[in-house]
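Got a structure for you, written out below as structure tokens; questions coming shortly.
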2 protein chains.
Amino acid sequence: MADRKPTIIDVARAAGASIKTVSRVMNNERYVSAETRERVQRVMAELQFQPNKSAQSLKGDKSYLIAHVYGDPGGPYTGQIQMGLLTRFRDQGYHLLIEEIDYRGDDVEDRVSKLVNQLNLDAVVLTAPVTDNDTVISVIERANIPYVRVTPQHERDGGSSVRIDERAAANDLTMHLLAFGHRRIGFIKGPEHHAGTRLRYSGYCDALREYGLEPDPEIIEQGGFTYRSALPCTRRLLSLAEPPTAIVASNDEMAAAVLSVAHDRGLSLPGDLSVVGFDDIELAEMVWPPLTTVKQPIQELADAAAEILVNILTRKKQPGEPAPQAHRVLPHHVVIRRSTAPPARR
Amino acid sequence: MADRKPTIIDVARAAGASIKTVSRVMNNERYVSAETRERVQRVMAELQFQPNKSAQSLKGDKSYLIAHVYGDPGGPYTGQIQMGLLTRFRDQGYHLLIEEIDYRGDDVEDRVSKLVNQLNLDAVVLTAPVTDNDTVISVIERANIPYVRVTPQHERDGGSSVRIDERAAANDLTMHLLAFGHRRIGFIKGPEHHAGTRLRYSGYCDALREYGLEPDPEIIEQGGFTYRSALPCTRRLLSLAEPPTAIVASNDEMAAAVLSVAHDRGLSLPGDLSVVGFDDIELAEMVWPPLTTVKQPIQELADAAAEILVNILTRKKQPGEPAPQAHRVLPHHVVIRRSTAPPARR
DNA sequence: TGAAAACCTGACATCGTTATCTGATGCTTG
DNA sequence: CAAGCATCAGATAACGATGTCAGGTTTTCA
């Protein structure tokens, strides 16, 4: 006797029922007597029957696959999002596929299209920096599958989103420094195309204005969200005749770079220089001094994203109806650690 | 006219050929005249035809899906491995599925089995700490699909592996400290079940013995590969009557914890305490002082793993033949940064 | 009590590919 | 020139599930 994997036919034969009845049991459909149901279930367990997803996918419209599409090397943020998604999808029988997209490349459309159409994806999760990439989104929309964007820069029709209020968060962070008495506060921006860059910057500006200050271009630098990119920015800022007494970096990795340069110059931290980051990745707690930052509730964001999708997917899909959508803004909070203090007297 | 996705039948009709001929063109099979082939290809491009993977998978034995199975929250290491795998698989038309396994749970077998059998996986990549998990491996072997273990503790028959010589690497690292003149060198171990923990520890012991020293249990601590786990370890080590002048942490995250505790106590680094890590994750360069560590060539490991699998998968599979295997040991090297120096005179 | 409604069950078609087999053509070769 | 052999092409049957529909049984209720 061959030892191949059992199919629904084997189960049907062994249980003395039709394949359709077995199918009904599998999918918890109506119209199966309790007795038959139990008998079939027993046989399924005995044979260790596992339905073939390819066959289910071919016939039905579900593939049980959800893709996480992101850009750039990903970084720690990406990994945590995936963890959150995984734990939620796991119980619902969905599997997570990951796809890194070079959003600058010219094969973006092709890649995403292959992914979506060939694999019959059930849904897509987008994280930075492709959350706001029109090419990617339009391919997904054309395929008419639900998607969630995590921390997008703009809301838009047709998809769901989860995010925190980045502008308000950057505002809070800057206010924290202002309250300490800082008046000359430098800023290191993220890359232009990245979601969040603009919002974080305007939150910073808003806070300054509330104190009657105008942003000074001399102490505003353009970084790239990476450690390395912020090194030269910091060096320039600290070499000014009148250097800032505090620096707001647009993310934690850049804040870590600020710390390194400051250490290298023998500055005492946070006395000579206060530093704040953004995101509260693990790194924030591991550098010295540990960073004051805004916590991205990554776990919660991933949870919310997964929940939205699961809700949409488990709802019976009506043919004509457009994909439902949801937008959720989660609360943020500033985590105060030891990288901030009142400015030293001159 | 309905706007549904074109199938092979539509292509055949439009090209005036049979579906089998179209199939032959798609798979680059023989027995199609150059003229017919070109005509079919033109039509495929026009219709933007994309073969349905579910159908291919159902009929054939390929699913074009490869899973990365790992345990624990993953960490930065995991993300980088995935990046490496992705870039290699992408060009070959394979997609990467990720699955986090709670290797302590009792549903491990069930989870892995579902993954492998329901989705018809083509191959699996295993990273720590499931590289050495017998339950997981035996399920995969029973399904007779190729797999690669990344940095396993032991080699074993039946699968492939890629790794560096962790024992030799830990040895090199310790020798570096000994050469600086350190004689009292503390060690913080990783968790028991984790691959690498034992190897790194024995490399450390070997190095000591080469200098005629015996490992001293008093300055050997048990950590858990996390930042937090190493904090109390370090506090104890630095509170000893005769504290170590250098500490070898079994990975970079724990080394970062050593730095934090040392900073907190006002020690001057690396003068009062030399610290080394292991893995060379991004963090290693972002802390202060940047860590001397052993570089895990993650990119290369992932590349090698992907290459092995692609080789196996593109080779025609003979029914009876067991899965081929390969074992590769990649070169490592010690990255010397500013966290190590000769011990200060007492 | 009779008819309608709800409940079970199964035969068979179907999804979009690839594999098998069979047939038709042209070209070599003894 | 008949036989043999590569080469090309297509009709048809899988793969393993779900959907459709039809038939039989039981329950409901006017």
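Chain letters run A, B, ... following the sequence lines, proteins first, then strands; residues in each count from 1. This is a predicted model, so every value here is computed, not measured.
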Outer limits of DNA chain D sitting under 4.0 Å from a non-hydrogen atom of chain B, read 5' to 3', are dT7(D) to dG16(D)
Query raised in the report: With a 4.5 Å limit on heavy-atom distance, are the side chains of Val150(A) and Ile81(A) in contact?
Result: yes
Under 4.5 Å between any side-chain heavy atoms of Pro51(B) and Met26(B), yes or no? yes
salt_bridge(Glu100(A), Arg90(B)) N-O dist < 4.0 Å: yes
For a quick check under 3.5 Å, do Lys20(B) and Tyr31(B) share a side-chain donor-acceptor pair by atom type? no
Contact check, residues 113-122 of chain B vs DNA chain C, heavy-atom distance under 4.0 Å, returns none
Using only heavy-atom distances, determine whether the side chains of Ser113(B) and Asn117(B) contain a donor-acceptor pair under 3.5 Å.
yes
Check this for me, if you would: do Asp106(A) and Arg111(A) make a salt bridge, where the nitrogen-to-carboxylate-oxygen distance has to be below 4.0 angstrom?
no
- Modelled atom types, side-chain donor and acceptor of Ser57(B) and Ser54(B), under 3.5 Å: no
Are Leu97(A) and Ile66(A) close enough, and set up right, to give a side chain to side chain contact (heavy atoms under 4.5 Å, CB included), and what steps lead you there? CA-CA 6 Å; Leu97(A) 206 68; Ile66(A) 297 177; over 6 Å; no
### Query
When you check the gap from the basic side-chain N to the acidic O, do Asp10(B) and Lys5(B) get nearer than 4.0 Å?
no
Rounded to whole Å, CZ of Arg13(B) lies from C1' of dT17(C) at a distance of 15 Å
Is the shortest side-chain N to carboxylate O distance from Glu141(B) to Arg156(B) below 4.0 Å? yes
Computed from five pairs at either end and rounded to 10 degrees, the angle between the axes of the helix from dT1(C)-dA30(D) to dG30(C)-dC1(D) is 40°
Per-nt protein contacts along nucleotides 8-16 of chain C (heavy atom under 4.0 Å; B base, S backbone sugar-phosphate only, - none) come out as BBBBB-BBB
The complete set of side chain to side chain donor-acceptor pair (under 3.5 Å) pairs with one or both residues in residues 39-48 of chain B, sequence neighbours excluded, reads none
Across all chains, not counting sequence neighbours, the salt bridge (charged side-chain N to carboxylate O under 4.0 Å, His left out) partners of Arg142(B) are Glu109(B)
